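Labels below follow one simple rule: chain letters A, B, ... track the order of the sequence lines, proteins then strands, and each chain is numbered from 1. As the structure is a computational prediction, the values presented were derived from the model and not from experiment.
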Amino acid sequence: MRSPHVPELVCPAGTPAALRAAVDAGADSVYCGFCDETNARNFPGLNFTPAELGEGARYAHAGGAKVLVAINTFPRAGALGTWHRAIDEAARAGADAVILADIGLLAYARERHPDLRRHLSVQAAAANADAIRFYVEEFGVRRVVLPRVLTVNEIAAINKEVSCETEVFVFGGLCVMAEGRCSLSSYATGKSPNMNGVCSPASHVHYREEKGELVSRLGEFTIDRVPRHEPAPYPTLCKGCFSAGDYRGHVFEYPVSLDAAALVPQLLKAGVTAFKIEGRQRSRSYIRDVVTSFRRAVDAEVAGEPIPPGALQRLSEGQTTTAGAYRKTWR
Amino acid sequence: MSMNDASALPALPGALRLFLAPLPLAPLEFALQRLVTSVGRRKPGLFARLGRQGDKVFLVDPTDLPFAFLMLPRRDGPRIEARRRDNSDGWDARIAGTLAALLGLVHGTADGDALFFSRDIVIEGDMEAVLALRNAIDDTELDLVAEMAAMFGGKGERVERIARRLVPMASRLSGLTLTRWDRS
């Protein structure tokens, strides 16, 4: 059976080269951010200057794709100007939408750039219809990126009650916490993912071989240690291996990544408008492979054909994938 | 071509390592320095993207070769030094892996995170510097065939044409990604 509607494939771009790779591989939209703390992937060597964003937007538009600019951290008191300038620069560069989380920035964007689409970032953690309606009514939000804690049935229920579009993650790294509210990395490093834009900043991550094991540390905290032939441990506290009472293991979350390709039909039936691929911090090689794979999956579903099997496990963080909360089970 | 679904990356034969081991490093270093200087002139964006991490010293360590390279990616004059492994101290960050893995990263056929988590590459030292270098190189879309040809100035175009005819066979024989993924 043919799909009820054609979804938008929203793809990550951490660099101009990655943006071109995403557009060339069939992205409907590309999301990216500026080289500063205004977005949640503020990593060294990553992101766009305003001039690069302008060039990227021209490339994307020529290829029939849209550009969405993530300005999705929460401004520090006394430093609002940095975030306001980012919104102004995104508008000037020809962005098709800004992805925001902070209500002050939503108000600023609505007032200063009323014609610029406003999407609500996953960082806002709007996980029910009432919360989403508030953002739609007060700030004219046109699309909400849903937190990765909802089942397919919950997403369907939300879509029945809201007037805006919804976007869900279908591939990439997972957060165990409600996005925008996690303080694990802040506790360990003094830098906030939600304000400085980087979870487990590279400046605080250390890997070292010790007695035949690879040990990962974040600041002063040992996160995990693995023997020689196991995948390298992930550098975030939420995916670390700890002892709690008699239990030793991944206390918060297993080091797995989301792969919801098989759930594309159900998510479409649940009324989802856009599928998002995580990974602005990844290479153009990752972008090309993952976008190509999901382009095929989405096109197959729209044409009423079976979804081709993917081969993306090797690209996932932790080298293992899960359907995440979409198929919720409990330990 | 993509390496991301490969289960194992090829290593250069041990016999080649033995053959290369006693050779002097000076000619290799001279050629590589010319290449790096040329890249510095042709790709200034790489150094801009590196930012202050360009002040760091990187040890690029192809584990299937008998030597490694100290890279100093300075914006005003990038430098590279070939070093024996027993004389390769003084780095801030070390990136080690087979030559196939390292060339895959340069030419956009491999993903750095995937290679790291699968332990096909090993990273030690300053992670911030490594991330910046990886992202800067990935964005620069380097093609070493084009960069080497550019060193020949006016004759570069002819050199590149000849090299491109030889590259597919050399890639097949060695298992190495010798040119940018979209030009192979």
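Of the possible polar contacts, one joining the B/N135 side chain to the A/P44 backbone as a donor-acceptor pair under 3.5 Å is found. Looking at A/R284, its side chain never comes within 3.5 Å of a backbone N or O of B/T109 through a donor-acceptor pair.
Proximity to chain A is limited to the backbone of B/I123, based on heavy atoms less than 4.5 angstrom apart. For chain B, the nearby part of A/P233 is the backbone; its heavy atoms alone come within less than 4.5 Å. With a 4.5 Å cut-off on non-hydrogen atoms, A/L19 does not touch chain B at all. With a threshold of 4.5 angstrom between heavy atoms, B/R134 approaches chain A through side-chain atoms but not through N, CA, C or O. With a 4.5 Å cut-off on non-hydrogen atoms, A/V226 touches chain B through its backbone and its side chain both. For A/H204, no part sits under 4.5 Å from any heavy atom of chain B, backbone or side chain.
Residue A/K191 places its NZ atom among 12 or fewer non-hydrogen atoms of other residues, nucleotides or ligands, all under 6.0 Å distant. With a 6.0 Å radius and a threshold of 12 heavy atoms from other residues, nucleotides or ligands, B/R74 has its CZ atom above the threshold. No more than 12 heavy atoms of other residues, nucleotides or ligands sit less than 6.0 Å from atom CD of A/E220. Taking a 6.0 Å sphere around CZ of A/R296, one finds it holds 12 or fewer heavy atoms contributed by other residues, nucleotides or ligands. Applying the 6.0 Å contact sphere to CD of A/E213 captures more than 12 heavy atoms from other residues, nucleotides or ligands. Within a 6.0 Å sphere centred on CZ of B/R85, heavy atoms belonging to other residues, nucleotides or ligands number more than 12.
Salt bridge annotation for A/E230-B/R119: absent, with no cationic side-chain nitrogen under 4.0 angstrom from a carboxylate oxygen.
A side-chain donor-acceptor contact under 3.5 Å links A/S283 and B/D111.
Taking A/G279, A/S203, A/A18 one by one and counting their heavy-atom pairs under 4.5 Å with chain B, the maximum is reached by A/S203. No other option in B/L131, B/L133, B/D182 has as many heavy-atom pairs under 4.5 Å with chain A as B/L131. Of the listed residues (A/I287, A/N47, A/T49), the greatest number of heavy-atom pairs within a distance under 4.5 Å of chain B belongs to A/N47.
In this structure, the side chains of B/R49 and A/T15 come closer than 4.5 Å at one or more pairs of heavy atoms. Inter-residue side-chain proximity for B/M127 and A/Y207 is flagged as met; some heavy-atom pair is nearer than 4.5 Å. With a 4.5 Å cut-off on side-chain heavy atoms, A/R288 and B/W181 count as touching.
Residues A/S285 and B/G108 share a closest heavy-atom pair of CB-O, 3.5 Å.
To the nearest 0.5 Å, atom CG of residue B/D139 and atom CZ of residue A/F48 are 7.5 Å apart.
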